[in-house]
Protein chains: 2
Amino acid sequence: MEETAVAKVTTTGDAPLRLTREHRELLDQVLDKWSLQVLDTLCEGPRRFNELRRAIPLVTQKSLTATLRRLERNGMVERVVTSTRPVAVEYRLSELGGTLQDLIDSLYLWTATALPEVDRARSQFDADA
Amino acid sequence: MEETAVAKVTTTGDAPLRLTREHRELLDQVLDKWSLQVLDTLCEGPRRFNELRRAIPLVTQKSLTATLRRLERNGMVERVVTSTRPVAVEYRLSELGGTLQDLIDSLYLWTATALPEVDRARSQFDADA
DNA sequence: CCGCATCCTAAAGGATACTG
DNA sequence: CAGTATCCTTTAGGATGCGG
């Protein structure tokens, strides 16, 4: 894997850009509980609907459908229908969706390193209360 | 600003680490709508409760309190009380919280670059429907 | 196999009033 | 100023059943 754009940018002296409502709403639609897991799964390759369902514990069909529709609408995911009978539907990461991959990896990595300290903070907080 | 750990890691051939429930829950508690704005604001320096309130449009006192408590419990934010009358309460980013800063910047930057294409995808999707 | 429609419950969150 | 407490509305989302 080569140097990412993300890395370069965080190293420049970036002006304190303010988050606008539109930007936050996009993040909300892409980083929520189910979306994160869908994107994470699709990073490993295209998946059928029921494959995704099995890969993501506890997701209901309704939530998965809603999540996939929203990701598709936002251009993160492509939906490919094969008109056999019964139909086969495949979901894959779009090129735009792929630009999120490094970011998701970074997020996950951050949680992995932060979690021990977070756990300590939680114990401390709960003990004080 | 120097090279970030985040950048380095995404350049290593990382095994496909699976997101666990704990990791996702931490992200949920730290990247939600209000938390993101609180952290973003605190990146610029310590703030009083009502300063935060004014800085974050549409947040209610109840939501802000809940958000700050959760961030404090997770060790992201420190709460400093000065026992004057009336009391002064200051919130500041903890060291652990500071490790999120680059990540949030990256997220925001991603939205800024992706948004135009997302908008096109949305129009396309809505037109088809 | 994929997904929509309906019903229903639980949880998030706003409005308002009150306190140290 | 910085909250807590209460009430009440809105929304997310689970369960179930049907249809292409």
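Letters A, B, ... mirror the listed sequences (proteins, then strands); counts begin at 1. Since the structure is predicted, the reported quantities are computational estimates derived from the model, not experimental observations.
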Check whether any side-chain nitrogen or oxygen of [X] sits under 4.0 Å from OP1 or OP2 of [N], and answer yes or no.
X       : N      : value
A:Tyr91 : C:dG3  : yes
B:Ser63 : C:dG14 : yes
B:Arg79 : D:dA2  : no
B:Arg53 : D:dC1  : no

A:Ser35 side chain vs A:Asp32 backbone, donor-acceptor pair below 3.5 Å: no
Short side-chain to backbone donor-acceptor contact, A:Gln37 and A:Lys33, under 3.5 Å: yes
Side-chain H-bond candidate by donor/acceptor type, A:Tyr91 with A:Arg47, under 3.5 Å: no
Euclidean distance, atom [atom1] of residue [X] to atom [atom2] of [N] [Å, nearest integer]:
X       : N      : atom1 : atom2 : value
A:Glu90 : C:dC1  : CD    : P     : 15 Å
B:Glu51 : D:dC1  : CD    : P     : 10 Å
A:Arg69 : D:dG13 : CZ    : P     : 16 Å
A:Leu68 : C:dC1  : CG    : P     : 16 Å
A:Arg70 : C:dG3  : CZ    : P     : 16 Å
B:Arg47 : D:dG3  : CZ    : P     : 16 Å
B:Lys33 : C:dA11 : NZ    : P     : 20 Å
B:Asp32 : D:dA12 : CG    : P     : 15 Å

Among C:dC2, D:dA2, D:dT4, the nucleotide that comes nearest once only the side chain of A:Arg48 is considered: C:dC2
N/O to N/O distances under 3.5 Å, protein versus nucleotides 15-20 of chain C:
none

Closest non-hydrogen atom pair, A:Trp34 against A:Pro57: CZ3-O, 3.8 Å
Sidechain N-carboxylate O distance under 4.0 Å for B:Glu90, B:Arg92: yes
